[in-house]
Amino acid sequence: MKFMKLGTKSDTFYTEQATRTLISDIAADLVIQINDITYLLHKFPLLPKCGLLQRLCYDSSDSESVSLELHDIPGGEDAFELCAKFCYGIAINISAHNFVSALCAAKFLKMNDSVEKGNFVGKLEAFFSSCILEGWKDSIATLQTTATLPEWSENLGIVRKCIDSIIEKILTPPPQVKWSYTYTRPGYRKKQHQSVPKDWWTEDVSDLDIDLFRCIIMAIRSTYVLPPQLIGEALHVYACRWLPGITNLKSSGSSASQTEESKEKNRKILETIVSMIPADRGSVSVGFLFRLLSISIPLGASSVTKTELIRRASLQFEEATVSDLLYPSSSSSDQNYYDIELVLAVLETFLKIWKRMSPAAVDNSYFLRSIRNVGKLIDSYLQVVARDENMQVSKFVSLAETVPSIARLEHDDLYHAINIYLKVHPDMSKADKKQLCGILDCQRLSPEVRAHAVKNELLPLRTVVQLLYFEQEKGSKATSSHKPPKPHEILLGAKHRADTRDSQSKQSLGQGKDEFNVEEVTREKGHRKTRRSDGKLALEFENKMAIRGDIEETQSQKVRGAKDESSSSCKLDLDPKKIIRRARSKSELSVKKSD
């Protein structure tokens, strides 16, 4: 921080009660009243340099004491004392912190070069242009002090010149930045990083008042030089600097203790920041948008601000993580720890925007991936809020049901959330359990989760029955996919195999008459055992298949009989007992032939 030293004499001003004077052998002949302070001074050092005092003392004689009131001097008594000490030649230091008040007071007293060459105003303006505007932190500090004298600073051009200097330095390429700046991000050390970070300017600018900060940001945006993400980072740094509760989870507790004045100030900061967010998607993170949204309710932000935050958050909802959604409820009537209404509002807006897309967009992989990411996010969020003992079933179910069916490929994550809720709320009524488990689609559970759910004693009986039904139905579908041969084909195949074995056995007996030995006898016994076992299998199989075949024939016969009444005289013996006996006789006959 640069400063300018003027004067060489030692400071001899002292205070006696409410009077400020200086040690001197000459009696005071100029009394100046500023607010509650009375200055006892002398005409000879002040009048030559102050055009205003010359005019006010014009009608008085040199020996006459003059009393003046300068209550409206900008900067008050401190600024006037700087001007008085300059006139006396007492040493003073001018820096960015007292420059504005000194220049405004000097202008008020008309301490221009036209009154006396080398006057106070000329020296201050030279210091302003050569030192303050050339420095980075000096320009920011000077601009910061203009808030005490906004009208004077604006009329004298101090604000405009400081803003232009700051913007010029912000737009300077980072490799050309040679001045000192503040950068205290976690994990960053200047010694380890030779290059200047792109957002080097954001922390220093965040010290400014919100109105001045807005002037700088809007001026930077109008140049289109910096990317929107860098503008968004500056907004994030400023919000973390000034808005209470935005950097931690418990935002509602800090806002409750705010006074009405501080709440009004923070509301203005919030609404101004939201109005400056670039329209480009991704200029700020979705987590930052949710943090702003979480504090907008306790601060009483306008509906326009909250609607805009919900819209912006919904556009980037798929990029959010569960931690971005975990904010405590700020409503006094809501007993829930987490603000589930906030998440529901963003989700509903996201779905409205998603549904407005063209119908062909549903087939697009990007849009499918987007909504499925949101579905997985909501199910993960439900697993966290399910641990809230005060979470109502209706709110839990409402959020779960808002997610469309296309957003969930499986219901595994949703099942885990329901299971957690049932564990944390063991005293639920049957109606609540039915409502809770009604959102679960048993057909969309993986085999592992379905196996766990069947054994879950916390689930209502109706849900378990549905799980068993779908499990059995899935097994029957898998079995029916392998189509068995028709019954008459099986019977014909069995008879064909029996005839083949008879012919083979006769041939083997013929060969045995000519070449009889022990090995042939052993082999023949093995054949007989095989034929007997094959005959038993055929008997059992035919008993089952013959019944099915006859029944199918009977059913087809009935259909044909219904269509053609003339063929009704051809009746079959459909007695089930006779069918079974007929199947058995056929099987026994085939066995005897084989023997």
Side-chain angles (χ1 to χ4, degrees), residues 317-326 338 340 343-344 346-348 350-351 354-355 361-388 391-426 428 430-483:
F317 199 26
E318 60 177 298
E319 305 169 6
T321 61
V322 176
S323 59
D324 294 330
L325 314 182
L326 298 178
Y338 296 107
I340 197 170
V343 178
L344 182 60
V346 176
L347 175 60
E348 290 175 344
F350 168 81
L351 293 176
W354 190 83
K355 290 177 182 178
V362 179
D363 299 328
N364 190 295
S365 60
Y366 169 77
F367 290 99
L368 281 175
R369 185 171 61 253
S370 172
I371 197 168
R372 284 171 181 170
N373 286 342
V374 170
K376 193 170 186 63
L377 171 67
I378 294 299
D379 288 346
S380 301
Y381 175 73
L382 288 172
Q383 294 178 25
V384 177
V385 300
R387 294 178 170 85
D388 183 5
M391 179 58 62
Q392 300 174 5
V393 177
S394 58
K395 289 189 175 183
F396 187 91
V397 172
S398 176
L399 181 59
E401 287 181 335
T402 306
V403 179
S405 177
I406 195 176
R408 291 189 177 105
L409 283 174
E410 294 182 340
H411 276 215
D412 290 2
D413 292 336
L414 181 59
Y415 168 76
H416 291 312
I418 293 174
N419 189 37
I420 294 172
Y421 192 94
L422 291 172
K423 289 180 180 178
V424 177
H425 305 81
M428 290 177 59
K430 291 183 179 180
D432 288 342
K433 281 189 177 182
K434 181 180 178 181
Q435 182 186 10
L436 178 64
C437 297
I439 61 179
L440 190 65
D441 189 349
C442 299
Q443 294 184 359
R444 293 195 179 188
L445 295 177
S446 63
E448 296 80 6
V449 174
R450 192 182 295 115
H452 180 276
V454 169
K455 302 176 183 178
N456 193 343
E457 298 179 354
L458 298 175
L459 294 176
L461 181 60
R462 180 175 181 176
T463 304
V464 176
V465 171
Q466 289 178 351
L467 288 165
L468 292 173
Y469 171 77
F470 291 127
E471 187 72 23
Q472 183 179 6
E473 187 181 42
K474 186 178 181 182
S476 63
K477 287 182 179 179
T479 305
S480 63
S481 62
H482 304 286
K483 295 183 178 180

How long is the span from the NZ atom in Lys355 to the CG atom in Leu351, to the nearest 0.5 Å? 5.5 Å
Straight-line distance of Leu440 CG to Asp412 CG, nearest 0.5 Å: 9.0 Å
By ring pair (Phe, Tyr, Trp, His ring centres under 6.0 Å), which residues pair with His416, not counting sequence neighbours? none
Assess the side chains of Glu410 and Ser446: does a donor N or O sit below 3.5 Å from an acceptor N or O? no
To the nearest 0.5 Å, what is the distance between CD (Gln383) and CD1 (Ile418)? 10.5 Å
From Ile420 atom CD1 to Asp388 atom CG, the distance as rounded to the nearest 0.5 Å: 13.0 Å
With a 3.5 Å cut-off and no angle check, do the side chains of Ser370 and Asn373 form a donor-acceptor pair? no
Indicate the atoms forming the closest heavy-atom contact of Ala320 with Leu377, along with that distance. O-CD1, 3.7 Å
Leu436 and Ile439: which non-hydrogen atoms are nearest, and at how many Å? O-CG1, 3.0 Å
For Lys376, check side chain to side chain donor-acceptor pair (under 3.5 Å) against everything at least two apart and list the hits. Asp413
Any Val343 side-chain heavy atom under 4.5 Å of Ile378 side chain: yes
Rounded distance (nearest 0.5 Å) linking atom CD of Gln443 with atom CZ of Phe470: 4.0 Å
Under 3.5 Å, which donor-acceptor pairs do the side chains of residues 399-409 form with other protein atoms, sequence neighbours left out?
residue, atom, partner, partner atom, Å
Thr402, OG1, Ser398, O, 2.5
Ser405, OG, Arg444, NH1, 3.3
Ser405, OG, Arg444, NH2, 2.7
Arg408, NE, Asp379, OD1, 3.1
Arg408, NE, Asp379, OD2, 3.0
Arg408, NH1, Ala400, O, 3.3
Arg408, NH2, Asp379, OD1, 2.8
Arg408, NH2, Ala400, O, 3.2

Approximate separation, where rounding is to 0.5 Å, of Lys395 NZ and Tyr338 OH: 15.0 Å
Among all residues two or more places apart in sequence or in another chain, which pass the side chain to side chain donor-acceptor pair (under 3.5 Å) test with Asp441? none
Exercise answer: donor-acceptor pairs, residues 459-468 side-chain atoms, under 3.5 Å, sequence neighbours excluded:
none

Which class fits the ring pair Phe317 and Phe350: parallel under 30°, tilted 30 to 60°, perpendicular over 60°? perpendicular
Determine whether the aromatic ring centres of residues Tyr421 and His425 are separated by less than 6.0 angstrom. yes
Tyr381: side chain to side chain donor-acceptor pair (under 3.5 Å) partners, not counting sequence neighbours: none
